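If you scroll down you'll find the structure; I have some questions about it.
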Amino acid sequence: MAFASWTKSIGFAALVLVTAPMALAQTPPAPPVTAPTPSAQAAPAAAAPEAAAPAAAAEAAPADAAASALDSSYTPMAPTAGKGMPVDKGIDFQDQYSELGEYAHWLDTSVLLPIIVAISLLVLGLLIWIIVRYRAAANPVASKVTHNTTIEVIWTLVPVLILVGVAVPSIDLLAKQYKPAPADAVTVKVTGYQWYWGYSYPDNGDFEVVSNMLSEEDAAKRGEPHQLAVDNRMVVPAGEPIRIITTASDVIHSFAVPSLWFKMDAVPGRSNEKMLIIKEPGVYYGQCSELCGARHGFMPIAVEALPRAKFDAWVRSQGGTVKGDEVAAAAPAAAAPAAVSAAATTTPAAEGAAAAAAAPAAAQ
């Protein structure tokens, strides 16, 4: 019995030794553990700045838009020789740069001047004819004629017709000169002082610009005519109606710019109003045209007409306000929350995508 059980034990041990290697050979090997690649590690870090970039851009965009919309840069315009100023040996009006000035120049050169020349030549011809025809040598016996009905009717009706012909365009010009400015016209209040000018802008913050004549040296440096150049010009928009209100603080002055066909007295305690439209950008010079004291001849006027965008920039450079600036500044600010919200919505999604990409690597 002992021998038989010992024999069974030896047989069982031999069986185990034979089958164990076979079982080990059939078990699949465990997969190797790999370290996360550098790109997988950098992906979440790279995704975070990319997700934050829209938010930063959304916050910076309103500031950039507001800065570009509210331009306040201004460079004084250089005058054009012969434009808006007197010229050597000039015998006619200055070239006109307003519709009223052109109309007045036409009235003078095309209506009044021909009539004046015709009447002068007619009177001169009659005088010469009378001197020659009715001299004593040719008429020993003087004429006894006392009147002539036909001649009297002619010399009464012809002057009346001439005056009516002159009155019609003259009254039309006078009415146009004092046509009220529209409600949206730019208002400039011109105040005469002894002996300088002040320009206020009630529609643009009511700031005032004080204008004094430049010295001969300073005018030469700026390339402007002496005794017409000033340190601060009256700046207005070109091509738009301008409501000019004149007054004075001390004595009577007169604001006159010949090339714009503009002249209006500035009286203390009284406001005079007139509309002006300057056809094109440029610098136009004038002077006080009312005797106002010792330095009356040293009160020059310089009007600078600019395109609307440059005029608005000049107003801002003087600390004034421009209509519409509040809307332009508020629009980017109103758009900022929406842009930031969109960027904030995009950021979690990007972060989620980065986390999802990194999850398999972490699991491994």
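Residue numbers count from 1 along this sequence. It should be emphasised that the depicted structure is a prediction, and the values quoted were computed from it without experimental measurement.
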Verdict with reasoning, S98 to I278, per side chain to side chain contact (heavy atoms under 4.5 Å, CB included): CA-CA 5 Å; S98 68; I278 304 175; 5.9 Å; no
Any side-chain heavy-atom pair of E280 and K83 under 4.5 Å: yes
Any donor-acceptor N/O pair, D250 side chain to Y193 backbone, under 3.5 Å: no
Non-hydrogen side-chain atoms of D95 and S259 separated by less than 4.5 Å: no
Test side-chain hydrogen bond (donor to acceptor under 3.5 Å, both in side chains) applied to T187 and D203, step by step: CA-CA 6 Å; T187 302; D203 298 338; 3.1 Å; yes
Check: N204 side chain, T321 main-chain N or O, donor-acceptor pair, under 3.5 Å: yes
Derivation of the side chain to side chain contact (heavy atoms under 4.5 Å, CB included) call for E208 and K189: CA-CA 9 Å; E208 183 177 24; K189 181 182 178 182; over 6 Å; no
For N232 against S211, the heavy-atom pair lying closest together: O-OG, 2.7 Å
Common cluster, L173/V111, ILVMFWY with side-chain heavy-atom separation under 4.5 Å: yes
Criterion side chain to side chain contact (heavy atoms under 4.5 Å, CB included) on V209 and Q318, from CA distance to verdict: CA-CA 8 Å; V209 176; Q318 301 297 318; 4.2 Å; yes
Salt bridge present between K279 and E102 (N-O < 4.0 angstrom): yes
side-chain hydrogen bond (donor to acceptor under 3.5 Å, both in side chains) between H105 and D92, intermediate numbers included: CA-CA 9 Å; H105 191 260; D92 194 6; 3.0 Å; yes
Can you list, pair by pair, the side-chain donor-acceptor contacts under 3.5 Å of residues 118-138, counting residues two or more places apart and other chains?
{"residue": "S120", "atom": "OG", "partner": "I116", "partner atom": "O", "Å": "2.8"}
{"residue": "R135", "atom": "NH1", "partner": "V132", "partner atom": "O", "Å": "2.7"}

Heavy-atom closest contact (F255 atom, V303 atom, distance): CZ-CG2, 4.4 Å
Closest heavy-atom pair and its distance - Q287, G297: NE2-O, 4.0 Å
Contact check, side chains of I115 and I162, non-hydrogen atoms, under 4.5 Å: yes
Cationic N near anionic O, under 4.0 Å, E304 to K310: no
Residue pair Y199 / W197: nearest heavy atoms and the distance that separates them: OH-CB, 3.5 Å
Between E224 and Y285: side-chain donor-acceptor atoms closer than 3.5 Å: yes
Closest approach of L214 to A219 (non-hydrogen atoms, all atoms of both residues): CB-N, 4.2 Å
Exercise: identify the closest heavy-atom pair between G223 and P79: O-CG, 3.7 Å
Ion pair E240/R308, N-O distance below 4.0 Å: yes
Side chain H296, main chain E290, donor-acceptor under 3.5 Å: yes
Single-linkage hydrophobic cluster, 4.5 Å side-chain cutoff, M213 and Y196 together: no
Distance-only donor-acceptor pairs under 3.5 Å for side chains of residues 270-277, two or more places apart:
{"residue": "R270", "atom": "NE", "partner": "N272", "partner atom": "OD1", "Å": "3.3"}
{"residue": "N272", "atom": "ND2", "partner": "D265", "partner atom": "O", "Å": "3.0"}
{"residue": "E273", "atom": "OE2", "partner": "R243", "partner atom": "NE", "Å": "3.4"}

Cluster check V188, Y284: I/L/V/M/F/W/Y, side chain < 4.5 angstrom: yes
K263 NZ: over 12 foreign heavy atoms closer than 6.0 Å: yes
E152 side chain reached by H147 side chain, heavy atoms, under 4.5 Å: yes
Side-chain heavy-atom pair P307, P281 within 4.5 angstrom cut-off: yes
Joint cluster assignment, V210 & I301, ILVMFWY side-chain distance < 4.5 Å: no
Joint hydrophobic cluster, L306 plus F207, side-chain heavy atoms closer than 4.5 Å: yes
Interatomic distance, Y74 atom OH to R316 atom CZ [nearest 0.5 angstrom]: 15.0 Å
CA sep, side-chain torsions, deciding dist, call: D172, Y103, side-chain hydrogen bond (donor to acceptor under 3.5 Å, both in side chains): CA-CA 10 Å; D172 183 41; Y103 182 43; 2.8 Å; yes
Flag for E99-W261: side-chain donor and acceptor within less than 3.5 Å: no
Donor-acceptor contact present, side-chain N148 to main-chain T150, <3.5 Å: yes
